[in-house]
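This report refers to the structure that appears directly beneath it.
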Amino acid sequence: MKKKTIVSILVGAITIILLLLLTKNLYPDVLSLINPHTPAADIRAQIRSHGITTAFLLTATLALFCLIPGVPTSMVGVLIGVYFGPAIGILLNIIGTFTGNSLSFILISHFKILSKPHTKNRWVRFISSAKHPAIILTISYMIPIIPMFIVNYTANKLKLPDKVTYLSMFIGSIPSAVLLSVGGDAIFRGHSTPELKVVLAVLAVGIVAVILLRLKKHQQQTQS
């Protein structure tokens, strides 16, 4: 059996186990949410009463979702914000995202888990052809709309020093951690607050960054 097949089976099995444990852990909250007679204050208190077990399960699930192409990690990040608020939520999101991206990078570089090359992907070509690839790589980790496995594939393709790659991952995980944690906390509170404005501001910065990068690339192609 090929190494990448073994890795895929292990990642799938661990993910299923984690999701089952997480479902069991959060099931009482689901029952409270669907019960129309449960006071909102009680639901909020119950959600915020979770401790280290739920924190570990959510963070581990976020990390594993980073390894699976096409699986949205943002929903787990928002859930972390709902359960643990902005301060702890940001820390857990950074840990989960950085750990997941690091594992993805290692698996791609050492086990060749991708079945086909993605050299023709527009994001791969865009990041790879940048004048300052480390900077563009860091920005790419900040933008939720870019699939993380594509960014990690490109990071491996660039062959930058490992410390540069991991630093890009860490710095890049911070804006999305803030976005998702603050957004989750805003959802938990159930109203538009200054936190929600922060979410929108971070999202706007990400969109502007993508537009500016695309314009710069287009200008370079025009001049060449």
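Since the model is a prediction, treat every value here as computed from it, not as a measurement. Residue numbers start at 1 and run along the sequence shown.
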Counting heavy atoms not belonging to Leu20, are there more than 12 under 6.0 Å from its CG?
yes
Spell out, as yes or no, whether a donor-acceptor pair under 3.5 Å connects the side chain of Ser181 to the backbone of Val178.
no
Among Ile, Leu, Val, Met, Phe, Trp and Tyr joined by side-chain contacts under 4.5 Å, find the other residues sharing a cluster with Leu91 and list them by chain and number.
Ile95
Please answer whether the main-chain N or O of Pro28 pairs with a side-chain N or O of Gln46 as donor and acceptor at a distance below 3.5 Å.
yes
Derivation and outcome, side chain to side chain contact (heavy atoms under 4.5 Å, CB included), residues Met148 and Phe65
CA-CA 10 Å; Met148 283 298 100; Phe65 275 16; over 6 Å; no
Taking the side chain as every heavy atom from C-beta outward, state whether Val82 and Asp185 have any atom pair closer than 4.5 Å.
no
CG of Leu167 to CG of Asp162: how many Å apart, nearest 0.5 Å?
12.0 Å
Candidate pair Leu103 and Phe98, rule side chain to side chain contact (heavy atoms under 4.5 Å, CB included), full reasoning:
CA-CA 9 Å; Leu103 289 173; Phe98 177 73; over 6 Å; no
Could you measure the distance from the OG1 atom of Thr54 to the CG atom of Leu22? Nearest 0.5 Å is fine.
7.5 Å
Could you verify whether a donor N or O on one side chain and an acceptor N or O on the other, from Ser173 and Thr97, lie under 3.5 Å apart?
no
Kindly indicate whether a cation-pi arrangement holds for Arg48 with Phe84, taking the cut-offs as under 6.0 Å to the six-membered ring centre and within 45° of the axis.
no
So do Thr61 and Leu19 actually touch side chain to side chain, heavy atoms under 4.5 Å?
yes
Tell me, do Asn152 and Asn156 make a side-chain contact under 4.5 Å, heavy atoms counted?
no
For Ser168 and Thr138, work out which heavy atoms get closest and say how close.
OG-OG1, 3.0 Å
Phe188 reachable from Leu31 in the ILVMFWY side-chain graph, under 4.5 Å edges
no
Ser104 side chain to Asn101 backbone, donor-acceptor under 3.5 Å
no
Please give me the minimum heavy-atom distance between Gly96 and Cys66, naming the atom from each residue.
O-SG, 4.5 Å
Do Met75 and Leu180 have side-chain heavy atoms sitting under 4.5 Å apart?
no
In the structure I gave you, are the side-chain heavy atoms of His50 and Asn25 within less than 4.5 Å of one another anywhere?
yes
Test ring pair (Phe, Tyr, Trp, His ring centres under 6.0 Å) on Phe105 and Tyr166 and set out the steps.
CA-CA 9 Å; Phe105 174 72; Tyr166 289 121; 5.8 Å; yes
Indicate yes or no: at least one non-hydrogen side-chain atom of Met169 is less than 4.5 angstrom from one of Val151.
no
Using every non-hydrogen atom in the two residues, find where Ile43 and Ser32 come nearest and quote the distance to one decimal.
CD1-O, 3.5 Å
If you measure from CD1 on Ile80 to OG1 on Thr59, what distance do you get to the nearest 0.5 Å?
4.5 Å
Residue pair Ile136 / Ser140, side-chain heavy-atom distance below 4.5 Å
yes
